Q: 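I'd like to ask some things about the structure below.
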Amino acid sequence: MTKRLKVAEILRTEPLNTTVQVKGWVKAFRNNQFLALNDGSTSTNLQVVVDFENTDSAIIDRIKFGAAIRAQGTLIESQGKGQKVELKATEIEIYGDCNPEEFPLQPKKQTLEFLREHAHLRFRTNTFAAVFRLRHKLAFAIHKFFEDRGFVYLHTPVITASDAEGAGEMFRVTTLPMDNPPRTESGEVDFSQDFFKRSTNLTVSGQLEAELGAMALGEVYTFGPTFRAENSNTTRHLAEFWMIEPEVAFNDLQDNMDLAENMLRYVIQFALEHCADDLKILEDRLIEEEKSKPQDQRSDMSLTEKLRFVVENEFVRLTYTEAIDILKNSTPNKKGKFQYPVEGWGTDLQSEHERYLVEKHFKKPVILTNYPAEIKAFYMRQDEPKEGVPGPTVSAMDILFPGIGEIVGGSQREERYDKLVRRMHEMHIPEEELSWYLDTRRFGTCPHAGFGLGFERLVLFVTGMTNIRDVIAFPRYPGSAEF
RNA sequence: GUCUCAUUAGCUCAGUUGGUUAGAGCAACGGACUGUUAAUCCGUAGGUCCAAGGUUCAAGUCCUUGAUGGGACGCCA
């Protein structure tokens, strides 16, 4: 019995003149003879040469695009150009037929929009196979990065009772009957009769729980699904996405920036080292896609050049106040080219402003820090007043990437109990609901910092895909929860 | 949620100022060829022109409403 080998292993070890067995799916069948076989282990296909004169024609007829087959024979040096080795098949077995008249995919270019509507089949295309192998490697690289640095992977709950985090609209979790829920005397839904005896939601962030872990384990991170019920319809938002949230005791804002920047550079470097084949597929796809764009809208770097550039160059770090100055004096602002003119200090930056800073002014990733307290979350550490800064700021940081915008959002946390509680009152956040969170500040509080990284946004950047719905297997967004 | 563009064959798209029988490339199918690599050559089949209403002698084409999809913006990761 010949052991089955994966295509990736065959191409790596090239066991010439031995009998090998492969199993996979037909990607092409030319000339009744040349079968391109892919088993998912690599983007490269194995050429299987079928002896059509000595193979049952009933079998030959069933070798169709998409069919699952087994092939066995001798691995030889390729007699043709285009590949080093090929399998001279003596046995072909069909596991699963694939009727070309019914199969939605075709051996030709298909648009991402079409494939999105057939998301259950799109793994079978070169592009999506490459995207999902890369997604896996990036997830692995993130775990390795933190493991190598002594972090503890903390699993924070998916169902939470807190609705005070303020990160966005939440999906409610309940087992109460929707048509006739129990009501209190005042007529409100009586959640004390619900499964958890209180109102619960899907988590919008594991940060607050991660902070609890960091207060004893020192360095923790979360990596799990996160849910936002915002009605966001963009190429960079999902209702269900995966987020990585490190939280580190005794780190300040500078440490936090270093950690985020090192992590991003590490995982991108990891992809460059371990996913060259898949990156090549995606790079070629991008070049092909950009051919239809006018010259001035094409990127001046290829995908891998862009990734190398990020790995080799330090991110630019500047404060919100400095960014406002640059934007105020920028050519587009003076010429009235911004849809939202930069008027003064204190308002949030629009995405056109972020894009200008990253893509035009600095032309590299940018870390913006020390935002106005007004526009940021309650738990961010309040800065000391500083000359030249018009209002109170917090030790926040956002990392902006070209083409993606905000990929990381984080801060040094407010560890001072009094200041934190005062801020919660100002922002009308009920203290009693977060008493467990405030306990961290009451018992052995310490400076600490953390951030959230949107995993799909990272995958977007590394794969060069442009719609976030194409880097998660089964995307959830307003009006869509298919599959 | 707002704005905007689109919807014609399995896919990607043409379709003129409203006018006879709606076209192409690719894919599929049949055949030829048999060392191909986006194979090639010959042939065949394939249409509720998104839906409903309206204008008109006449609507794929114009108008209204809706559905679906793309993009931009806002919210953010």
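On a predicted model such as this, the values are computed, not experimentally measured, just so you know. What's counted below: heavy atoms across the whole structure, side chains too, no hydrogens, waters or symmetry copies. Letters go in sequence order (proteins before strands), and every chain restarts at 1.
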Q: Assert yes or no for the condition that the ring centre distance of A:Phe132 to A:Phe123 is strictly below 6.0 Å.
A: yes

Q: Looking only at side chains, do A:Gln350 and A:Glu354 share a donor and an acceptor under 3.5 Å apart?
A: no

Q: Taking NE2 from A:His237 and C1' from B:U2, how many angstroms apart are they, rounded to a whole number?
A: 15 Å

Q: Just checking A:Trp25 against A:Phe65, ring centres under 6.0 Å apart?
A: no

Q: Whole Å only: how far is the OH atom of A:Tyr340 from the C1' atom of B:C73?
A: 6 Å

Q: Of the nucleotides B:C76, B:G74, B:C29, which has the atom closest to the A:Glu101 side chain?
A: B:C29

Q: Would you say B:G70 has OP1 or OP2 under 4.0 Å from some side-chain N or O of A:Arg469?
A: yes

Q: Tell me: CD of A:Glu169 to P of B:G1, nearest whole Å?
A: 13 Å

Q: From CD1 of A:Ile60 over to P of B:G31, roughly how many Å is that when rounded to an integer?
A: 13 Å

Q: Who is the Watson-Crick or G-U wobble partner of B:U17, with both distances under 3.5 Å?
A: none

Q: Quick one: sort the A:Phe270 and A:Phe140 rings into parallel, tilted or perpendicular, breaks at 30° and 60°.
A: tilted

Q: In whole Å, I'd like the distance from the CG atom of A:Asn231 to the P atom of B:C3.
A: 14 Å

Q: Measure from the side chain of A:Gln47, starting at C-beta and using heavy atoms only, and say which of B:C29, B:C76, B:G35 lies closest.
A: B:G35

Q: Is A:Arg236 near enough to B:G71 that one of its side-chain N or O atoms lies under 4.0 angstrom from OP1 or OP2?
A: no

Q: Taking the side chain of A:Met243 as heavy atoms from C-beta outward, which of B:A77, B:U34, B:G74 is closest to it?
A: B:A77

Q: Which part of the nucleic acid, if any, lies within contact of A:Phe241, taking any heavy atom under 4.0 Å across all strands shown: a base, the sugar-phosphate backbone alone, or nothing?
A: base

Q: Considering only the P atoms, how many Å lie between B:C75 and B:A59, rounded to the nearest integer?
A: 48 Å

Q: I'd like to know if A:Glu86 reaches the base of B:G35 with its side chain such that a donor and an acceptor end up less than 3.5 angstrom apart.
A: yes

Q: Return the nucleotide paired to B:G74: Watson-Crick means purine N1 to pyrimidine N3 with N6-O4 or O6-N4, wobble means G-U with N1-O2 and O6-N3, both under 3.5 Å.
A: none

Q: For B:U34 and A:Arg30 - does any side-chain N or O of the residue sit under 4.0 Å from the phosphate oxygens OP1/OP2?
A: no

Q: Which part of the nucleic acid does A:Glu117 contact within heavy-atom distance under 4.0 Å: base, sugar-phosphate only, or nothing?
A: sugar-phosphate

Q: Does any N or O donor sit under 3.5 Å from an N or O acceptor when you compare the side chain of A:Gln79 with the base of B:G35?
A: no

Q: Tell me which of A:Ala28 and A:Phe52 sits closer to the 5' end of RNA chain B, going by the nucleotide each one is nearest to.
A: A:Phe52

Q: What is the distance, to the nearest angstrom, from the CE atom on A:Met170 to the C1' atom on B:C76?
A: 15 Å

Q: Looking at A:Thr90 and A:Gln72, would you say the former's side chain and the latter's main chain have a donor-acceptor pair under 3.5 Å?
A: yes

Q: When you measure from the side chain of A:Arg122 to the backbone of A:Thr127, do you find a donor-acceptor pair of N or O atoms at a distance under 3.5 Å?
A: no

Q: Would you state whether a donor and an acceptor, one from the side chain of A:Gln110 and one from the base of B:U12, lie under 3.5 Å apart?
A: no

Q: What does A:Phe401 touch in the nucleic acid at a heavy-atom separation under 4.0 angstrom: a base, only the sugar-phosphate, or nothing?
A: nothing

Q: Counting any heavy atom closer than 4.0 Å, what does A:Gln83 reach on the DNA or RNA strands: base, sugar-phosphate only, or nothing?
A: base

Q: Counting heavy atoms from C-beta on, name the nucleotide in B:C75, B:G71, B:C11 closest to the side chain of A:Thr235.
A: B:G71

Q: When the C1' atoms of B:A58 and B:U2 are compared, how many Å lie between them, rounded to an integer?
A: 39 Å

Q: Suppose we define a pair by two distances each less than 3.5 Å, Watson-Crick or G-U wobble; what does B:G25 pair with here?
A: B:C11

Q: In whole Å, measure the gap between the P atoms of B:C57 and B:G66 for me.
A: 28 Å

Q: Taking N and O atoms by type only, does the side chain of A:Ser232 place a donor or acceptor under 3.5 Å from a partner on the base of B:C76?
A: no

Q: Quick one: does any side-chain atom of A:Tyr153 pair with a main-chain N or O of A:Tyr221 as donor and acceptor, under 3.5 Å?
A: no

Q: Remember a base hit wins even if backbone is also touched, and classify A:Pro107 as base, sugar-phosphate or nothing at under 4.0 Å, heavy atoms.
A: sugar-phosphate

Q: At under 4.0 Å between heavy atoms, what does A:Leu238 touch on the DNA or RNA strands: base, sugar-phosphate, or nothing?
A: base

Q: The side chain of A:Gln350 lies closest to which of these nucleotides: B:C73, B:U12, B:U36?
A: B:C73

Q: Expressed as a whole number of Å, how far does the P atom of B:G10 sit from that of B:C29?
A: 15 Å

Q: Give one of base, sugar-phosphate or nothing for A:Ser78, where a contact means two heavy atoms less than 4.0 Å apart.
A: base

Q: Where the side chain of A:Lys108 is concerned, which of B:C73, B:G69, B:C26 is the nearest nucleotide?
A: B:C26

Q: Begin with the C-alpha distance, continue with both residues' side-chain angles, and end with the deciding distance and a verdict on salt bridge (Lys or Arg N to Asp or Glu O under 4.0 Å) for A:Arg236 and A:Glu456.
A: CA-CA 8 Å; A:Arg236 12 174 242 293; A:Glu456 282 77 16; over 6 Å; no

Q: Would one find a side-chain N or O of A:Thr234 under 4.0 angstrom from OP1 or OP2 of B:A72?
A: no

Q: My understanding is that a pair needs two contacts under 3.5 Å, Watson-Crick or G-U wobble. By that rule, which nucleotide pairs with B:G60?
A: none

Q: Considering Watson-Crick and G-U wobble pairs with both distances under 3.5 Å, what does B:A32 pair with?
A: B:U40

Q: In terms of the angle between their ring planes, are A:Tyr356 and A:His361 parallel, tilted or perpendicular, with boundaries placed at 30° and 60°?
A: tilted

Q: Is the phosphate of B:G71 approached by A:Asn467 (side-chain N or O, under 4.0 Å from OP1 or OP2)?
A: yes

Q: Could you identify the nucleotide paired to B:U68, looking across every strand shown and requiring Watson-Crick or G-U wobble geometry with both distances under 3.5 Å?
A: B:A6

Q: Have a look at A:Lys64 and say if it touches a base, only the backbone sugar-phosphate, or nothing, with a 4.0 Å heavy-atom cut-off.
A: sugar-phosphate

Q: Indicate, with a heavy-atom threshold strictly under 4.0 Å, whether A:Glu113 touches base, sugar-phosphate, or nothing.
A: sugar-phosphate

Q: Where the side chain of A:Arg228 is concerned, which of B:C76, B:C29, B:G74 is the nearest nucleotide?
A: B:C76

Q: Roughly how many Å is it from CG in A:Leu112 to P in B:C11, rounded to a whole number?
A: 16 Å

Q: Just how far, in rounded Å, is P of B:A77 from CG of A:Leu400?
A: 12 Å

Q: Let me know, please, whether A:Asn32 or A:Asp398 comes out on the 5' side of the other along RNA chain B by nearest nucleotide.
A: A:Asn32

Q: Taking atom types as modelled, is there a side-chain donor on A:Asn251 or A:Asn256 under 3.5 Å from an acceptor on the other?
A: no

Q: Is there aromatic stacking of A:Phe34 on B:G35 here, judged by a ring-centre distance under 5.5 Å and a plane angle under 30°?
A: no

Q: Taking only the P atom of each, what is the distance from B:C62 to B:A45 in whole angstrom?
A: 32 Å

